[in-house]
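Working notes, beginning with the structure itself.
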Amino acid sequence: MSEVYPIPAETAKNALIDEKTYKEWYDRSVKDPEGFWGEHGKRVDWIKPFTKVKDVSYNDDVHIKWFYDGTLNVAANCLDRHLAKRGDQTAIIWEGDDPSESAHITYRDLHERVCRLSNAMTEKGIKPGDRVTIYLPMIPEAAVAMLACARVGAIHSIVFGGFSPDALAGRIQDCDSSMVITADEGLRGGRKVPLKANVDKALETCWSVKNVIVVKRTGGAIHMVAGRDAWYEELVAKASPTHAPVEMDAEAPLFLLYTSGSTGKPKGVVHTTGGYLVYASMTHQYVFDYHDGDIYWCTADVGWVTGHSYIVYGPLANGATTLMFEGIPNYPTVSRFWDVVDKHKVNIFYTAPTAIRSLMREGEEPVAKTSRKTLRLLGSVGEPINPEAWNWYHRVVGEGRCPIVDTWWQTETGGILISPLPGATALKPGSATLPFFGVVPLMVDAEGKELLGATEGNLCIADAWPGQMRTLWGDHERFKQSYFTTYPGRYFTGDGARRDEDGYYWITGRVDDVINVSGHRMGTAEVESALVAHPKVAEAAVVGYPHEIKGQGIYAYVTLIQGEEPSEELRKELVNWVRKEIGPIASPDLIQWSPGLPKTRSGKIMRRILRKIAENDYGALGDTSTLADPGVVDDLVENRMNRV
Ligand code: WTA
């Protein structure tokens, strides 16, 4: 039996949703989805109100539509509709990498900035439906750029600033972006990131891009290409501060976000306008129990889906005050998170287990010396949180006072699917607990047979919710293949889970070839193809292994081409090579030189065995008799790299 933390009296008293309401709403949401969502769909402002709520099929052609005869504009929902009541309220608190730099931006100010950029983009020829790639650090202009795209009806595709020029180029080419919005340089932990130089490199192979808009962040020396590049500051200074938002169909794409799958190149996940906004704003309000006036801080980067839904769209649609942090948790000191909490009087704090684990290693003193008295609620996202980290977060950071919402979701789901609601759910450390309204989780075995009651299996979702992805950019077939064919008629999450006797879900991690490194998704196939692109590598197989801070580390088995000798130098070269090909987050932690890989007689690599060896669990390799050459396993075990 695991520990249970009951709902604190203080939380129960003030929460938006109590236990009874959760049960009533949840019941209705699954019995009468049309009625439930028809009502909650009204939480956003529609230009033309919808009359049709839901048109979904998880079979054959697979289509997902919500509120589909309505029209709206997302930027108008995040800005214009708040002006009368909260024009002077802070929309974004920006905290710079350097603790001496911060800013408060009101809704009125943010509205004007977005209007100016919208006009400047229109001037540059951007039309509804065009793709715009955003490659920016965590500065307010990132939110301005997202909202300006939404305002003019352009589809943004944000690429995380830590990705390499090659990764950026691939993501620009896949969707034929016609514009890139970037900065001269980024700033993280006192170090500069050469964003504009990376864009220049990427654009050597991208013909679709006509315009690059460059925000001046550091003032570092960069090269501006005449006729293509323009300074953001100059464009917005001369643009008009008013702009009429473009009326968009509910099902018009709002953004693309590339994410790793179990095979091949990253997938362009497509989210649309109406359903996404309804779902992001509703989950933000209820999961974080957001009350007017609360200061809310999500530490994610806008390059990931968490930044999209829970720094920008959800909070701003709700008229919230959202904090945007440019820096990292350990700069200039390991008290930084808690210093920022005190400085800006943060009430709700949302971060990733990997950050908690790395701060936990520094001991309690850097936390204890800060006040944190404004904190009311803590959140976790990105990977399973181990009970030890959960307890430390609860006891040390929250001083036992703040509930923790462990929120399970994915880039594909647009918003949180399984999570406690602070006033409605007793907590169990390590469990994401219960489904959000309208979400029907389903456990199946390997053959797809539904498992009932307390059980362990593969996690599927039975029916659609408004925030669900609609397709993969330019590849609806791959969309169907990736999510709806493993278990026909169901959305397969790729995650394994356990459901306990109280119906609580415990996510155990990916069951496919995706690994989760510091909360960042990485397809093992992507790292493998980067490795084999190196001239000295003949073959590579990549698996995850348990890593104390990162959750999972990257373990690569590498076979060199004939005549090449392993060396420490080559190991470093390969690590740098992968960093250059994909980005630092994909760097292998361990590389094992492998004269051979365990393959079946038909040539398929047996990853199960490679995973076991990487986990240092080589006693339990199971049946190896089907291998073409069982001898390679002995060599791999003998020379294994992870000897914990
Ligand atoms: C994992 C991030 C356990 C999971 C929002 C999922 C989690 C993948 C949790 C999606 C959690 C995310 N507990 N596992 N609370 N949150 N995951 O697309 O494996 O970057 O499938 O979205 O992260 O990662 P993604």
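Order of appearance sets the numbers: ligands from 1, and atoms from 1 within every ligand.
- For Y290, the ring-ring contact (aromatic ring centres under 6.0 Å, His included) partners two or more places apart in sequence, or in a different chain, are H284.
- Residues lining ligand 1 at a heavy-atom distance below 4.0 Å are given as V305, T306, V381, G382, E383, P384, D406, T407, W408, W409, Q410, T411, D495, I507, R510, N516, R521, ordered by chain and residue number.
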Would you give me the side-chain donor-acceptor pairs under 3.5 Å for residues 416-427, sequence neighbours excluded?
from, atom 1, to, atom 2, distance (Å)
T425, OG1, L421, N, 2.9
T425, OG1, L421, O, 3.2

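- A distance below 6.0 Å separates the ring centres of Y310 and W409.
- With sequence neighbours left out, E251 forms a salt bridge (charged side-chain N to carboxylate O under 4.0 Å, His left out) with R470.
- Less than 6.0 angstrom separates the ring centroid of W390 from the ring centroid of Y5.
- Under 4.0 Å is where a charged nitrogen must lie from a carboxylate oxygen, and between K428 and D502 at least one such pair does.
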